[in-house]
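Treat the numbers as computed from the prediction; the structure is a model and nothing was measured.
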Amino acid sequence: MGKIGKPTWTALGCTCLAVGTAGAVIPVIPTVPLYMATAFCLAKGSNRLHTWFTNSGFHRRHLKPFMESKSMPLRSKAVVLTGVTALMVAGFLLMDGLLIPRIIMASVWVFHLWYFIFCIKTAPAHASNADRAIR
């Protein structure tokens, strides 16, 4: 298999960014992993786009601390879980009369809660203050 060229990495990074951004509105699309893939692909494809993305507020507030310490401040976890829960409740209510999609939505929500609570470490309180200084 040959090397992947910079235009291909850039296109893949932009695609991950677009799909990840859609995940902010569509509850079943995982935003954070796609944004992490965006950072990886843009780093290989375009220095300018990579710099732009890593200087964005979302990256500095949520991804950078997570990527450095594999943990999130409690406040960030709460913000993400609150947003996901609100969007999933809205989707659940809009699926009136559709049992299987509602079961899938509820299962994704339960998995999301389980993952954030038990798999992502909660950063110490001082990390939360550093997070505020970044803004």
Side-chain angles (χ1 to χ4, degrees):
M1 181 179 203
K3 287 187 174 183
I4 296 176
K6 285 186 178 248
T8 303
W9 281 116
T10 302
L12 189 57
C14 290
T15 302
C16 288
L17 178 63
V19 176
T21 301
V25 182
I26 303 168
V28 295
I29 299 175
T31 301
V32 172
L34 284 165
Y35 278 178
M36 288 168 53
T38 297
F40 176 81
C41 292
L42 291 180
K44 291 192 167 282
S46 168
N47 290 335
R48 193 175 112 219
L49 286 174
H50 178 68
T51 301
W52 167 78
F53 181 72
T54 56
N55 288 326
S56 71
F58 181 88
H59 184 273
R60 287 191 318 240
R61 279 191 304 272
H62 300 294
L63 291 178
K64 187 175 181 181
F66 178 74
M67 291 170 69
E68 289 172 352
S69 67
K70 303 296 183 238
S71 64
M72 292 177 83
L74 185 59
R75 184 169 188 265
S76 288
K77 283 175 126 179
V79 166
V80 170
L81 287 175
T82 300
V84 166
T85 298
L87 288 170
M88 289 200 159
V89 165
F92 189 85
L93 294 174
L94 291 172
M95 288 190 238
D96 189 33
L98 301 172
L99 180 62
I100 300 299
R102 277 185 158 191
I103 290 171
I104 292 169
M105 181 75 77
S107 299
V108 168
W109 178 72
V110 168
F111 175 78
H112 202 92
L113 286 177
W114 173 81
Y115 187 78
F116 265 74
I117 292 169
F118 297 110
C119 296
I120 297 177
K121 297 176 198 167
T122 301
H126 62 78
S128 161
N129 293 333
D131 180 45
R132 278 191 279 259
I134 291 173
R135 291 185 209 169

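- Heavy atoms only, all atoms of each residue included: Met95 and Pro101 are closest at SD-CB, 3.2 Å.
- Separation of atoms CE (Met105) and CG (Leu94) is listed at 8.5 Å; rounding is to 0.5 Å.
- When all heavy atoms are compared, the tightest approach of Ala123 to Pro73 is CB-N, 3.7 Å.
- For Cys16 against Ala37, the heavy-atom pair with the smallest separation is SG-CB, 3.9 Å.
- Sorted by first and then second residue, the pairs that involve residues 34-48 and meet side chain to side chain donor-acceptor pair (under 3.5 Å), not counting sequence neighbours, are Thr21-Tyr35.
- Cluster annotation: Val110 and Leu98 are assigned to the same hydrophobic cluster (Ile/Leu/Val/Met/Phe/Trp/Tyr, side-chain heavy-atom contacts under 4.5 Å, transitive).
- Expressed to the nearest 0.5 Å, how far CG of Leu49 lies from CG of Leu17 amounts to 9.0 Å.
- Counting only residues at least two apart or on different chains, the side chain to side chain donor-acceptor pair (under 3.5 Å) pairs with a member in residues 84-96 are Thr85-Trp109.
- Two residues are said to be in side-chain contact when any heavy atoms from C-beta on lie closer than 4.5 Å; Met72 and Thr122 fail this criterion.
- With rounding to the nearest 0.5 angstrom, the CZ atom of Arg102 is 14.0 Å from the CE atom of Met88.
- Residues Leu113 and Val108 are members of one and the same hydrophobic cluster, defined by side-chain heavy-atom contacts under 4.5 angstrom among Ile, Leu, Val, Met, Phe, Trp and Tyr.
- Classification of the Trp114-Phe111 ring pair by plane angle, with boundaries at 30° and 60°, yields tilted.
- Here the side chains of Thr8 and Cys41 are not in contact, with every heavy-atom distance at 4.5 Å or above.
- Using a 4.5 Å cut-off between side-chain heavy atoms of Ile, Leu, Val, Met, Phe, Trp and Tyr, with links allowed through other members, Ile104 and Val89 fall into different hydrophobic clusters.
- For Trp9, the side-chain hydrogen bond (donor to acceptor under 3.5 Å, both in side chains) test picks out no residue, with sequence neighbours left out.
- Once rounded to the nearest 0.5 Å, the distance linking NE2 of His112 with CD1 of Ile117 reads 10.0 Å.
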